[in-house]
Amino acid sequence: QKEVEQNSGPLSVPEGAIASLNCTYSDRGSQSFFWYRQYSGKSPELIMFIYSNGDKEDGRFTAQLNKASQYVSLLIRDSQPSDSATYLCAVNTGFQKLVFGTGTRLLVSP
Amino acid sequence: GAVVSQHPSWVICKSGTSVKIECRSLDFQATTMFWYRQFPKQSLMLMATSNEGSKATYEQGVEKDKFLINHASLTLSTLTVTSAHPEDSSFYICSTTGGIYGYTFGSGTRLTVV
């Protein structure tokens with residue numbers, strides 16, 4: 001079992017819709033969770049991080065964490081074509097190491 | 001905010017030669033640097049963790065004699081790919097734990113070995 005799992009997609013949504021990206025992790029001791037956006041050929045850029053169970057909102061983005069289910073998600077409201085990218089879920093499993101999922105490719109059509 | 005400058009952004013080298021990639025923290029001290037490798041359509045895979053002034057810790061399956069990491073100062077870490085081969089062609093990214101959001105990434109280096 002992979003440590004961090006994501007559906008590779010692509011996830012296709014129309015402009016203005018809500019995109020829902022999901023991630024599961026295997027290490028129950030994981031303490032912090034990150035969502036990164038990566039455009040092709042570029043380095044990841046941080047969208048959000050979350051430490052506590054529940055929801056965390058930042059603009060059009062909402063991260064949701066459920067430690068009991070070992071599940072973290074990212075909602076993107078009012079999706080824009082510029083949101084089309086690969087979204088990486090990353091988990092801090094200890095000793096500051098980040099373990100990344102394989103990423104979900106999001107396509108937002110105009 | 002914290003910035004990590006990574007150079008070169010891309011490099012093409014001949015098989016058997018060595019390539020050095022540099023990561024500099026511009027406005028903070030990077031005690032720890034992580035080096036990742038990303039193959040096309042795959043995720044970032046941690047190669048090694050380096051701490052300033054000490055030997056790097058390599059992840060399982062990563063050849064330490066092939067991927068030499070030097071972290072001699074708090075602002076500079078380097079990764080040298082020795083005797084590069086086509087299968088080493090990849091996107092290499094450094095990251096440090098500096099910055100207000102915990103992790104700051106370099107801009108990445110696209111290595112192509114021909």
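Throughout, protein chains are lettered first and strands after them, A, B, ... in sequence-line order, and every chain is numbered starting at 1.
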Heavy-atom side-chain contact between B/Gln60 and B/Val62 under 4.5 Å: no
query: Which region of A/Gln6, side chain (C-beta onward) or backbone (N, CA, C, O), has a non-hydrogen atom less than 4.5 Å from a non-hydrogen atom of chain B, or is it both or neither?
result: neither
task: Determine, using ring centers only, whether A/Tyr25 and A/Phe33 are less than 6.0 Å apart.
output: yes
- prompt: Looking only at heavy atoms, what is the nearest atom pair of B/Lys64 and B/Leu68, with distance?
  reply: O-CD2, 3.3 Å
message: Are B/Phe105 and B/Tyr103 an aromatic pair, judged by ring center distance below 6.0 Å?
response: no
query: Should the pair B/Arg24-B/Glu22 be classified as a salt bridge under the 4.0 Å nitrogen-to-oxygen rule?
result: yes
field: Residues of residues 44-53 of chain B near chain A, each having a heavy atom less than 4.5 Å away
entry: B/Leu44, B/Leu46, B/Thr49
Largest heavy-atom contact set with chain A, pairs under 4.5 Å, which of B/Gln42, B/Gln6, B/Arg110, B/Glu59: B/Glu59
- request: Against chain B, work out which of A/Ser40, A/Ser32, A/Gly101, A/Gly103 has the most heavy-atom pairs shorter than 4.5 Å and name it.
  value: A/Gly101
- prompt: Ring centroid separation for B/Tyr36 and A/Phe100, is it under 6.0 angstrom?
  reply: yes
B/Trp35 and B/Ser77: side chain donor to acceptor below 3.5 Å: yes
